[in-house]
Amino acid sequence: MTGSAAVRTALRELFFSEEHSGSDGAPYALALQILCARFGGALSNRYWYPISSGWFDKVGDALGGLDIDFDPHDLAFSGSPISLPEIEDFPAVGHFTRAELEPVARAFDTADLSGIGDEEIAESVTELRDWVRTCVDDGLDLVSFHY
């Protein structure tokens, strides 16, 4: 099963908590993304898409300079909040619970982002701060997908 049929099957299985019938995790990750957007919402990723894998390091360095304990790699590589078959290629999935985001939100609350010298990195850090604040304020977890 490939393409849209595989994603439709994965949607049904995830929505109804059925056992996974496929072994390719990509359709399940796509289905999870659809469910997250539908039932949780989508946040702006204007400053995070498209990015290269080196972007995570650059943003991580900026966060470290602000004493914010957050590894941007986890946005793509911390894994799904639910069990999925192994994803061979893309999308990569990351997630954080609201409880994990609360100390990050507090760190952002006291951070002075004006010291970030690179405008593009500053915009990505600001957008990340907005994601964290939205999730904490609205009682949501953060699930992200990287292509």
Side-chain angles (χ1 to χ4, degrees), residues 3-4 6-15 17 20 22-147:
S4 61
V7 174
R8 283 194 305 272
T9 298
L11 269 168
R12 186 193 72 243
E13 290 173 1
L14 292 180
F15 188 81
S17 299
H20 304 147
S23 60
D24 179 7
Y28 290 92
L30 293 170
L32 177 61
Q33 185 174 9
I34 291 166
L35 292 170
C36 288
R38 173 63 180 96
F39 294 104
L43 300 171
S44 170
N45 67 343
R46 178 177 178 194
Y47 299 107
W48 284 88
Y49 182 82
I51 60 168
S52 67
S53 58
W55 193 248
F56 294 116
D57 292 326
K58 291 178 182 181
V59 173
D61 290 345
L63 292 171
L66 298 169
D67 290 327
I68 296 174
D69 185 19
F70 185 90
D71 184 353
H73 289 94
D74 289 341
L75 288 167
F77 305 111
S78 61
S80 171
I82 61 172
S83 175
L84 300 177
E86 183 177 346
I87 301 168
E88 299 285 328
D89 194 15
F90 288 100
V93 182
H95 84 281
F96 298 88
T97 64
R98 179 181 184 221
E100 292 170 323
L101 294 173
E102 287 173 341
V104 179
R106 286 192 298 275
F108 269 121
D109 288 344
T110 61
D112 179 7
L113 305 187
S114 68
I116 300 173
D118 183 295
E119 184 178 338
E120 291 179 356
I121 293 172
E123 290 167 337
S124 289
V125 170
T126 299
E127 192 163 68
L128 174 62
R129 179 200 61 200
D130 295 346
W131 295 345
V132 169
R133 179 51 52 208
T134 296
C135 290
V136 169
D137 289 348
D138 294 349
L140 301 170
D141 293 347
L142 177 65
V143 183
S144 55
F145 302 86
H146 177 65
Y147 292 88

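Every heavy atom of this structure was used, including side-chain atoms; hydrogens, water molecules and symmetry mates were not.
- The backbone N or O of Leu140 lies less than 3.5 Å from no partner atom in the side chain of Asp138, so there is not a single donor-acceptor pair.
- The line from OG1 of Thr97 to CD of Glu102 is 8.0 Å long, rounded to the nearest 0.5 Å.
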Report all side-chain donor-acceptor pairs from residues 28-44 shorter than 3.5 Å, counting only partners two or more places apart or in another chain.
{"unit_1": "Tyr28", "atom_1": "OH", "unit_2": "Glu13", "atom_2": "OE1", "d": "2.5"}
{"unit_1": "Tyr28", "atom_1": "OH", "unit_2": "Ser21", "atom_2": "N", "d": "3.1"}
{"unit_1": "Tyr28", "atom_1": "OH", "unit_2": "Gly22", "atom_2": "N", "d": "3.0"}
{"unit_1": "Gln33", "atom_1": "OE1", "unit_2": "Tyr147", "atom_2": "OH", "d": "2.3"}
{"unit_1": "Ser44", "atom_1": "OG", "unit_2": "Arg46", "atom_2": "N", "d": "3.4"}
{"unit_1": "Ser44", "atom_1": "OG", "unit_2": "Glu127", "atom_2": "OE2", "d": "2.9"}

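- For the pair Ser144 (side chain) and Leu75 (backbone), a donor-acceptor distance under 3.5 Å is present.
- Closest of all the heavy-atom pairs between Asp109 and Arg133 is OD2-NH2, 2.9 Å.
- Proximity of Phe77 to Val93: side-chain heavy atoms (C-beta onward) are nowhere separated by under 4.5 Å.
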Name the atoms and distances for all side-chain donor-acceptor pairs under 3.5 Å in residues 56-68, with sequence neighbours left out.
{"unit_1": "Asp57", "atom_1": "OD1", "unit_2": "His73", "atom_2": "NE2", "d": "3.1"}

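- Without hydrogens or angle criteria, Trp48 side chain to Ser124 main chain gives a donor-acceptor distance under 3.5 Å.
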### Message
Quick one, Ile51 with His146, criterion side-chain contact (heavy atoms from CB on, under 4.5 Å). Give me CA distance, side-chain angles, the key distance, then yes/no.
### Response
CA-CA 9 Å; Ile51 60 168; His146 177 65; 4.0 Å; yes

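- Between Leu113 and Thr126 the shortest heavy-atom distance is CD1-OG1, 3.7 Å.
- Remark: the backbone N or O of Phe108 is not paired with any side-chain donor or acceptor of Arg129 at under 3.5 angstrom.
- Nearest heavy-atom pair across His95 and Ser78 is N-OG, 2.9 Å.
- In this structure, CD in Glu120 is found 5.0 Å from CH2 in Trp55, a value given to the nearest 0.5 Å.
- Without hydrogens or angle criteria, Ser80 side chain to Ser83 main chain gives no donor-acceptor distance under 3.5 Å.
- Shortest non-hydrogen contact noted between His20 and Leu84 is CE1-CA, 3.7 Å.
- No side-chain heavy atom of Asp69 sits less than 4.5 Å from a side-chain heavy atom of Val104.
- In this structure, CG in Asp137 is found 10.5 Å from CG in Asp130, a value given to the nearest 0.5 Å.
- In terms of heavy atoms, Asp24 sits closest to Pro85 at C-CB, 4.1 Å.
- Side chains of Phe70 and Phe96 form a contact here, defined as non-hydrogen atoms less than 4.5 Å apart.
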